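The structure appears below as structure tokens.
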Amino acid sequence: MVSSQFRDLLLKLGVPEDRLLVLEGKGGIVEDEFDGIRYVRFRDSARGFRRGTVVFENGETVLGFPHIKRIVQLENGVKRIFKSRPFYVEEKVDGYNVRVVKVEDRVLALTRGGFVCPFTTERIEDFVNFEFFKDYPNLILVGEMAGPESPYIVEGPPYVKEDIEFFLFDIQEKGTGKSLPVEERYKLAEEYGIPQVERFGMFDRSRLDELYDLIERLSREKREGIVMKSPDMRKIAKYVTPYANINDIKIGSHIFFDLPHGYFMGRVERLAFYLAEKHVKGEEFDEYAKALGKALLRPFVESIHEVANGGEVEETFTVRVKNISTAHRMVTHFERLGVNIHIEDIEDLKNGYWRITFKRVYPDATREIRELWNGLAF
Ligand code: ATP
């Protein structure tokens, strides 16, 4: 349910009345609040309002971050999407998506799903120069939060050794969601000292060999992949390294029953296309096959042992916060996401930060394994 105040606002902003009724009926739009700031988030899309869109009380709208098309055959994908035109290549950083926006006098960090994230909102000033919003209150900084101490992602990129960092990859306009051209974004980020994803420059289909080399290098360096963008940001495509496909499977297999089978199959498929496109054979092929098998099986078997010995399928993760209350807010935030976590440990780092250790239990995966281990037949 949304209040009549928000309903009027959404109608004024152009959400069709019949769509609004349907969305309300099935919980597709939800009213929420953070520190007294009220907002509505879209769990489903509605004419121009993408999933993850957030509308604030004052009518300011942050559109959901759009889906990026995935290429699985690099050569043909690049030719099909960019034709003979040039495109910029940037690193695809493995973390979680945040949209950073100033609303009234607060800078907020929104998750992909349209929640104000208490953790990221508290930490974002450590990474982003807020002067930017004084000069450009109408712009949204979109980036990846990545590192080993992340509330949403198990691992970070290899070059973030501790804590977490922010990497800008898009600047969008409030209301329209329109992205600034690539060059303009690079310039603004430099001007305000906002950390960005690594940029590999301009490519086109005549330099495919260099693109292959780049993918190979990123894969060796345990990095996730690339995102290719036309200068005007109208055409965007992503490509993930074989390393990332196998590593995702490894991370996922620990909680095998909590993930849809498509999670694994999609990654096997992408790896197969890589091996086919690159004509990987012989020993190198065998190495990939072994790595894939191990990634799929080892953490899964370990989880079975854990449950067979009376334990649970669980994950621990740590984050650094400035206020312990932020950690408690994260517990509530996860509850709303339907995720069960609790605080395991609180450590004073004596530098203004607390290191909080959370434990997340996976009740469904645990139950499933327990039943099968106990002989359930089907
Ligand atoms: P979708 O398929 O809808 O894009 P997803 O979460 O499955 O969602 P991913 O495979 O994770 O998609 O890839 C898209 C995400 O990659 C973006 O939402 C963004 O958070 C992240 N990302 C990291 N680096 C970049 C970058 N340089 N440019 C654009 N996105 C990036």
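Keep in mind that this is a model prediction, so the values were computed, not measured. Atoms within each ligand, like the ligands themselves, are counted from 1 in listed order.
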Would you say the side-chain atoms of N247 pair up with the backbone N or O of Y243, donor to acceptor, closer than 3.5 Å?
-> no

Keeping the roles fixed (side chain from T120, backbone from P118), state whether a donor-acceptor pair exists under 3.5 Å.
-> no

Aromatic rings F300 and F256: how do their planes relate, parallel, tilted or perpendicular, breaks at 30° and 60°?
-> parallel

Who else is in I29's hydrophobic cluster (ILVMFWY, side-chain heavy atoms under 4.5 Å, direct or via others)?
-> V2, F6, L9, L10, L11, L13, V15, L20, L23, V40, F42, F49, V55, L63

Residues that E371 engages under salt bridge (charged side-chain N to carboxylate O under 4.0 Å, His left out), provided they are two or more places apart | none

Partner set under salt bridge (charged side-chain N to carboxylate O under 4.0 Å, His left out) for D364, not counting sequence neighbours = R367

Counting only non-hydrogen atoms and a 4.0 Å cut-off, the residues near ligand 1 are F65, H67, I68, R70, E90, E91, K92, V93, N97, R112, E144, F169, V197, V227, K229, K238

